[in-house]
Student: 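Once you've had a glance at the structure underneath, I'll fire off some questions.
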Amino acid sequence: MENKEALVNYCLRIGDSSLVLAQRLAEWCSNGPMLEEDIALTNISLDLFGQSRMLYNYIAELNGKGETEDSIAFGRNERAFYNVLLSERPNGHFGDTIVRGLLVDAFNFHFYTQLQNSKNETLAAFAEKSLKEVTYHLRHSSEWVVRLGDGTEESKEKVQASLNDLWKYTDDLFEMNEDDIVLVADGIAIDLTAIKPLWLETVTSVVKRATLTLPENGYMHKGSRKAVHSEYLGHLLCDMQYLQRAYPDAKW
Amino acid sequence: MTAEENIWKLLEEVPDPEIPVISIIDLGVVRTVTVNNDEVVIEITSTYSGCPATDVFIADIQSKLQENDFRNVEVKMKFSPAWTTDWLTENARIKLREYGIAPPEDELDKSVLFAKQVVVPCPRCSSKNTKLKSQFGSTACKSLYQCNDCHEPFDYFKCLK
Ligand SMILES: [Zn+2]
């Protein structure tokens, strides 16, 4: 296959973003603000784990070097992870998690909507399946943003601060590199510059409804396309990879 | 009966691990069964990507067929077309309701954001006066409702299209 390396990198980008956010959301397990939300956040986490597994299995198949979904998830260091920076942001309080959810879910929703038309059949099928799940995630996060934003004075102040803080990582969602350019030309990847206005429209409509204010575009953190991360990713991976690193090839 | 027909019948005896009143056939996850000499290939489509039941029912399919002398069985995942609740059989809908789980309703409001909530009748008392408590329930495929009349909480097998 042509451009295999670009395709593998592209799949890593999507799979890593899902895996890292799934791991973050799993940290809410038994720590949710109420039982229903504990279950909701971990259910979303489970969907994302499933999505990353599909891509890691596909990568293993593409590479054909005896890798497995587990070796890909547990065998790489942080400088080999291409997840978007938002996915590794710490959970913070419930409002922080919800706002991070909205920003990522709105991106995933529009991204998977377009990726369904990819000329790569595996990616198109993956997108079709993921879109159904992500639609529920987006409903969940947007309804909570409205509830908190248009809630009490305190909840409004808190989620506005979450939004202002997380906004700095949103440009990173749309970063493209040589792999994208090659794959967009082949009709396999999605041109993210076309996704951005759609994403902004969705986010803006939720923010308005929540009586919040859209932050000004100031300094933006980027770098995930080059696998340059904040200090948080290393800690997250330590936690996630510990068992497989300490007892290589441990099985259930 | 051909070997294929025999296998479809046997698979009706494999329960969904999380909702044991319905079979994996009722659930609509078995897409194709092909027998070539001794080789059996079964294609399945999982409900939700991360559904932990998937690994369980792959093992259950294997052991069910082994018990019935099909020794060479391969279970493959088929991702497209994606599973939809339209594939639940009519039988599944009846059994779900009897079990206390409201079967999926056609969700007419297709708007992604702030869609009007669908009316889900209570599986116990049939009241339409129910409310959504959480979009995510005890498993990935369900959300949590409560009946305003009999006050019982219940699971709703959410619509996935
Ligand atoms: Zn009732």
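Below, chains carry the letters A, B, ... as their sequence lines are ordered, and counting in each starts from 1. As the structure is a prediction and not an experimental result, all values here were calculated from the model.
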Student: If I measure from the heavy atoms of chain B, does F109(A) come under 4.5 Å with its side chain, its backbone, both, or neither?
Tutor: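 Contact with chain B involves the side chain of F109(A) alone.
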Student: Taking C-beta and beyond as the side chain, do C141(B) and C51(B) meet within less than 4.5 Å on heavy atoms?
Tutor: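 No - every pair of side-chain heavy atoms lies 4.5 Å or more apart.
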Student: Side chains of I44(B) and V75(B): does their closest heavy-atom pair fall under 4.5 Å?
Tutor: yes
Student: Under 4.0 Å between a side-chain nitrogen and a carboxylate oxygen: does that hold for D26(B) and K95(B)?
Tutor: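 Yes, this pair counts.
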Student: Could you pull out the closest heavy-atom pair between C147(B) and F154(B), with the gap in Å?
Tutor: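 The pair with the smallest heavy-atom distance is N-CE2, 3.9 Å.
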Student: Does the side chain of I42(B) come within less than 4.5 Å of L11(B)'s, by heavy atoms?
Tutor: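 Answer yes - side chains close enough.
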Student: Quick check on side chain to side chain contact (heavy atoms under 4.5 Å, CB included): which of V104(A), V206(A), L212(A), L166(A) does V99(A) satisfy it with?
Tutor: L166(A)
Student: Check every N and O of chain B against chain A and note each donor-acceptor pair under 3.5 Å, with its distance.
Tutor:
from, atom 1, to, atom 2, distance (Å)
S46(B), O, K129(A), NZ, 2.7
T47(B), O, K129(A), NZ, 2.8
S49(B), N, E133(A), OE2, 2.6
S49(B), OG, E133(A), OE1, 2.8
S49(B), OG, E133(A), OE2, 3.0
A82(B), N, E128(A), OE2, 3.3
W83(B), O, K132(A), NZ, 3.1
V112(B), O, R139(A), NE, 3.2
Q135(B), NE2, E143(A), OE1, 3.4
G137(B), O, N43(A), ND2, 3.0
A140(B), N, N43(A), OD1, 3.3
C159(B), O, Y136(A), OH, 2.7

